[in-house]
Amino acid sequence: MVRLFGFGNQTLNALLRSCRTIKEALQIHAQIVVNGRHADLFVLSGVISFFALSGTRNGLHHSRVLFSQIHFPDVFIWNAMIRGYSLSDTPEDAIFLYKSMLAEGVQSPNEFTFPFLLKSCVRLSRLQTGRQVHCHITKNGFESDIYIVNALLHLYCAFRDMKNACYVFEKSLVRDCVSYNTMISGYVQAGLAFSSLQFFKKMLELHIWLDEYTVVALLSACSSLIDPIAGKQIHCLAYIILGSVSSNILLMNALVDMYAKCGCLKMAERVLSTMGTNKSITALTSVVSAYAQCGEVEVARRIFDQIDEKEKDVVSWTAMISSYSRVGHFLEALELFVQLEGLGIKPDVVAVVAAISACARLGALELGRRIHQKYAENWPFCQHGDFTSAAVDMYAKCGDIDTAMDIFRKTPDHLKTTVLYNSTISGLAHHGLGETAITIFKEMGLLGFRPNEVTFVAILSACGHNGLVEDGKKLFESMLTVYNINPAMEHYGCMVDLLGRAGCLNEAYDIVKNMPFKANSVIWRALLGACKTHGDVELAKTAGEELLAMEPDHGARYVMLSNMLADTDQHEEATRVRKTIDDAGIQKPPGWSYVELNGTLHKFLAGDRSHLEAKATKLMLRDMYMGLKSTGYVFSASKMVFDMD
DNA sequence: CTAGGGTTAG
């Protein structure tokens with residue numbers, strides 16, 4: 001038995017720090033208690049911080065129990081708890097603890113408290129809370145602590161808010177290599193890779209020290225610019241400023257990733273091979289996704305399969321899952337997800353979101369529901385904005401708008417995000433609930449959420465599908481005047497569609513002629529559709545010809561135009577277009593339909609009889625058709641042909 | 001007296 005009487009406090013802390021397992025630490029802790037040393041706050045703080053930072057849920061829980069028994073913890077102990085939770089899967093507890101500390105009114109936060117809090121805000125995707133913490137930092141006079149400045153920069157960069165990041169950067173009296181690194185990667189993440197290189201220039205001019213993180217950030221700038229030449233230069237720079245490169249895993253991963261993302265797969269694999277037997281799962285995952293992005297899913301899968309099962313982690317599985325989704329192989333994606341669950345690997349939020357959105361794309365409502373419900377019970381998932389919005393999107397796309405709205409309504413305001421509003425509004429739009437969409441849009445503004453480009457596509461199309469012409473026009477105008485968003489091609493497209501559907505063909509055509517872009521095929525198609533509905537043959541010809549010129553090998557366009565001509569009794573013209581199709585040997589790629597029943601997916605093609613129950617299905621359809629007819633419904637085949645994609 | 005910031009892959 002160890003006797004701890006003779007040990008000094010610092011020795012006890014050192015002893016704890018040397019523990020490799022929770023069990024060892026528990027033994028030391030027991031001895032501390034047996035020897036009556038636990039009343040000493042300093043000793044106790046060592047114990048609490050060890051368990052809080054152990055990285056395990058049990059350890060954190062143990063420290064929480066000890067913590068709750070202290071009447072007045074000192075600021076070090078508060079910080080240890082806050083830090084522990086900021087790294088845990090429930091970072092919101094860190095914020096909760098901070099509030100408790102303030103409420104207790106005994107201890108004030110110090111310069112160590114805030115970086116942990118800011119980290120929690122980032123992990124929770126809660127910019128609003130982060131701003132409040134920023135206010136507390138100012139109030140407590142910690143604006144010039146370099147650690148806090150860097151944590152603030154990280155906060156704003158993580159939310160792509162480069163305006164506030166710059167503000168903090170410019171205003172700060174202290175800046176170091178970390179500040180510059182954070183800004184460089186912030187610019188890249190915000191999609192402003194070019195600015196990041198300018199920042200790097202500034203860094204060089206001011207002779208700021210460069211380190212491996214600088215190189216990593218610069219490499220990601222090159223990936224984002226798809227500039228392998230610049231990437232190679234940075235690769236050289238790495239040798240100059242760092243000396244040894246191949247022993248630096250972080251750097252090797254970034255290098256492989258850069259070459260992979262730039263499409264230089266040979267180079268990526270060459271760098272990878274220099275890692276010999278130490279190939280990291282990170283670098284391998286980069287190569288897997290790169291192949292998938294180049295359209296070589298099979299190659300990606302082969303590499304993925306060659307990776308040692310024990311090496312594979314959630315990220316590499318998710319990479320393969322998303323690769324399948326990217327090329328539309330949703331069934332394979334979901335198969336992998338189920339396999340991953342079966343192997344006992346715990347999917348994280350990103351993995352589950354990937355699976356749920358694959359269900360959304362497939363229309364696999366019941367599988368989607370199963371996955372959603374299973375993970376909704378794990379509450380770190382519910383805290384995550386991406387999880388909620390993916391679920392809303394899935395239910396809406398699978399036709400269950402009630403559940404989608406239910407989830408939206410049950411989400412507390414502080415967990416709502418712009419993305420959640422976007423999924424909700426576009427879900428409502430697809431279900432023809434334009435009025436509700438507008439209500440939600442207004443609520444969004446009242447709660448202080450800024451609509452973005454995506455929001456406007458959703459809300460404008462909601463107006464379009466519901467004939468809300470005036471609302472649509474007002475919202476479109478407000479984009480620039482109120483929200484300072486430049487309407488993009490898609491927004492003009494929504495307006496053309498909206499006006500066209502409402503029969504304002506001239507107004508729609510005016511938009512096409514006057515907008516700052518050359519109309520794309522989507523816009524011409526919308527206009528052509530409107531001409532068809534409202535019988536404007538002249539404009540239809542213009543739109544149709546434009547469409548043909550734009551997508552000469554897109555068979556569906558020919559079919560549309562020919563159907564339209566036939567429909568307006570211009571049979572000669574129609575035959576001419578048909579002939580063009582045959583002459584060019586153009587074929588419309590078949591459009592598969594999927595229906596999910598009792599957890600099984602059924603695949604169909606038009607006119608397809610391969611399905612086991614094709615005959616029964618046909619009979620059922622005939623019954624339904626007869627039923628419809630008896631109620632006086634008139635079936636129009638021409639409308640069907642027109643709306644085909 | 002103990003401690004904090006930037007990290008690549010989905």
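Below, chain A is the first sequence line, B the second, and so on; all start at residue 1.
- Taking only side-chain atoms of A:Asp257, from C-beta outward, the nucleotide of B:dG10, B:dT8, B:dG5 with the closest atom is B:dT8.
- Using a 4.0 Å heavy-atom cutoff across all strands shown, A:Ser45 reaches at least one base atom of the nucleic acid.
- Considering only side-chain atoms of A:Thr282, the nucleotide from B:dT8, B:dG10, B:dG5 that sits closest is B:dT8.
- Here B:dA3 is the nucleotide among B:dG4, B:dG10, B:dA3 with the atom lying nearest to any side-chain atom of A:Asn79.
- For A:Val315, the side-chain atoms get nearest to B:dA9 when compared with the rest of B:dT8, B:dA9, B:dG6.
- Between A:Lys261 and B:dA9, a side-chain N or O to OP1/OP2 separation shorter than 4.0 Å is present.
- If you check B:dG5, B:dG4, B:dT2 against the side chain of A:Phe76, the one that comes closest is B:dT2.
- Between the side chain of A:Asn150 and the base of B:dG4, no donor-acceptor pair under 3.5 Å is found.
- Residue-level contact check: A:Glu111 touches the bases, meaning some heavy atom is under 4.0 Å from a base atom.
- Residue contacts shown for A:Leu153 are absent, as no nucleic acid heavy atom lies under 4.0 Å away.
- Within the 4.0 Å cut-off from OP1 or OP2 of B:dG6, at least one side-chain nitrogen or oxygen of A:His154 is found.
- Straight-line distance from the CD1 atom of A:Ile249 to the C1' atom of B:dA9: 13 Å, rounded to whole Å.
- Within the nucleic acid shown, A:Val350 comes within 4.0 Å of at least one base atom, counting heavy atoms only.
- Here A:Phe116 lies in heavy-atom contact (under 4.0 Å) with sugar-phosphate atoms only.
- Among the atoms of the strands shown, base atoms are found under 4.0 Å from some heavy atom of A:Asn110.
- Contact between the side-chain N/O atoms of A:Lys119 and the OP1/OP2 oxygens of B:dG5 is found at a separation under 4.0 Å.
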